Amino acid sequence: MKALLGRWLNIYESEIALFLWTVALMFLVRGSGMILDNYAEAAFLKRYGVEYMPIVNMVNAFATFLVMGILTGLMTRFPDATLLCYLFIFCGVSVTFCRLLIPFDIDLIYPLLFMLKAQYEVLLALLFWNLSNNLFNTRQSKRLFPLITAGGVIGLIIGSFGTPFLAKTFSFDNLLYVYLVICIAGAALVKGMSRRFPALLVPEKKHK
């Protein structure tokens with residue numbers, strides 16, 4: 001099976017294990033982002049109001065500038081795998097905290113979730129691709145990154161089509177708990193990659 005997969009997708013046998021782990025991680029990043037995106041946008045439009053969209057987008061752009069500056073500083077101090085693992089946990093816990101506040105009818109939760117979904121999507125994708133650049137060299141990247149991106153597209157499709165089913169099964173607001181579960185799975189996957197490929201996840205030393 002592995003040999004067939006390698007010949008069909010032009011993946012060498014020594015790369016298959018790392019490739020599959022990376023695709024699975026990309027799938028979770030995009031799938032979780034789509035579920036949170038669907039919930040945050042629907043809740044914001046229905047419970048807060050579309051007329052506040054320009055204000056939220058303006059504040060969100062300013063927040064992105066600040067968050068990116070903070071993340072850049074952290075990336076120089078910690079390995080990408082460690083940051084990605086903790087970011088998964090932070091995203092899941094913070095969204096779950098917002099879910100616990102929903103019964104208190106605090107309207108500001110919905111613009112906050114709308115901003116968080118945009119921030120988390122960008123941050124998780126940034127750390128993922130930064131980690132992937134450390135895992136694969138330039139020649140491998142040209143062959144494998146389009147396939148890895150395809151795994152993310154599958155995650156977007158399944159997350160999008162699966163949102164109505166999950167909303168009916170667990171209720172609409174409990175989609176945030178589903179997001180927490182996927183984030184925990186993502187953190188566990190990063191930990192598993194760190195144990196399986198320890199040499200690949202050592203950050204490169206940068207010389208002045």
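This is a predicted model, so every value here is computed, not measured.
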Looking only at heavy atoms, which two atoms of Ala81 and Ser194 are closest? And how far apart? CB-OG, 3.8 Å

Got Leu175 and Asn38 here, is their nearest side-chain heavy-atom distance under 4.5 Å? no

Flag side-chain contact, heavy atom, 4.5 Å: Asp80 against Leu84: no

For the atom pair CZ (Arg30) and CD1 (Ile158), what is the distance rounded to the nearest 0.5 Å? 14.5 Å

Within 45° cone of Tyr12 ring axis and under 6.0 Å: Arg143 NZ or CZ: yes

Could you report the tightest heavy-atom contact between Leu135 and Leu18, atom names first, then the distance? O-CD2, 3.8 Å

What about Leu108 and Val50, same hydrophobic cluster or not, with Ile/Leu/Val/Met/Phe/Trp/Tyr joined at side-chain heavy-atom distances under 4.5 Å? yes

Give a yes or no on whether the backbone of Ala118 and the side-chain of Glu121 come within a donor-acceptor separation of less than 3.5 Å. no

Please examine the side chains of Leu147 and Ile11, heavy atoms only from C-beta on, and report whether any two atoms are closer than 4.5 Å. yes

With no hydrogens and no angle check, is any side-chain donor or acceptor of Asn57 less than 3.5 Å from a backbone partner on Met53? yes

Considering residues, nucleotides and ligands other than Tyr86, do more than 12 of their heavy atoms fall under 6.0 Å from its OH? no

Side chain to side chain contact (heavy atoms under 4.5 Å, CB included) evaluation trace for Phe114 with Tyr48: CA-CA 11 Å; Phe114 189 88; Tyr48 199 75; over 6 Å; no

Full working for side chain to side chain contact (heavy atoms under 4.5 Å, CB included) between Leu176 and Leu36: CA-CA 7 Å; Leu176 299 182; Leu36 181 60; 3.9 Å; yes

For Val23, check side chain to side chain contact (heavy atoms under 4.5 Å, CB included) against everything at least two apart and list the hits. Phe19, Ile148

Would you name the heavy atoms of Tyr179 and Cys91 that are closest together and state the gap between them? OH-CB, 3.5 Å

Sub-4.5 Å side-chain heavy-atom contact between Thr22 and Phe136: yes

Hydrophobic cluster membership, with links at side-chain heavy-atom distances under 4.5 Å among I/L/V/M/F/W/Y: are Ile70 and Leu112 in one? yes

Just verifying a value: how many Å separate Met193 CE and Cys85 SG, rounded to the nearest 0.5 Å? 12.0 Å

Is there a continuous path of hydrophobic side-chain contacts, each under 4.5 Å between heavy atoms, that joins Leu20 to Phe145? yes

Enter the distance from Leu166:CG to Phe161:CZ here, rounded to the nearest 0.5 Å. 13.5 Å

Do you know which two heavy atoms are closest between Ser32 and Ile182, and how far apart they sit? CB-CG2, 3.5 Å

Pairwise side-chain contact, Trp129 with Thr149, heavy-atom cut-off 4.5 Å (strictly under): yes

dist Leu71:CG -> Leu87:CG (nearest 0.5 Å) comes out at 7.5 Å

Which pairs count as side chain to side chain donor-acceptor pair (under 3.5 Å) when at least one residue sits in residues 97-111, sequence neighbours excluded? Arg47-Tyr110, Arg99-Asn174

In terms of hydrophobic clusters joined by side-chain contacts under 4.5 Å, are Phe90 and Leu123 together? yes

Between Gly92 and Thr96 the two heavy atoms that sit nearest each other are O-OG1, 2.7 Å

Which other residues belong to the hydrophobic cluster containing Val181, where Ile, Leu, Val, Met, Phe, Trp and Tyr are joined when side-chain heavy atoms lie under 4.5 Å apart, directly or via other members? none

Val67 and Val122, any side-chain heavy atoms less than 4.5 Å apart: no

Using atom types as modelled and distance alone, determine if a side-chain donor or acceptor of Ser160 lies under 3.5 Å from a backbone N or O of Ile157. no

Would you say Leu180 ends up clustered with Phe172 if hydrophobic residues are merged whenever their side chains have heavy atoms under 4.5 Å apart, either directly or through other cluster members? no

Minimum heavy-atom distance between Cys183 and Phe88, given as atom pair plus value: CB-O, 3.3 Å

If we only count heavy atoms from C-beta on, is the Leu116 to Cys98 side-chain gap below 4.5 Å? yes

When rounded to the nearest 0.5 angstrom, what is the spacing between NZ in Lys117 and CE in Met34? 9.5 Å

Between Val29 and Leu127, is there a side-chain heavy-atom distance shorter than 4.5 Å? no

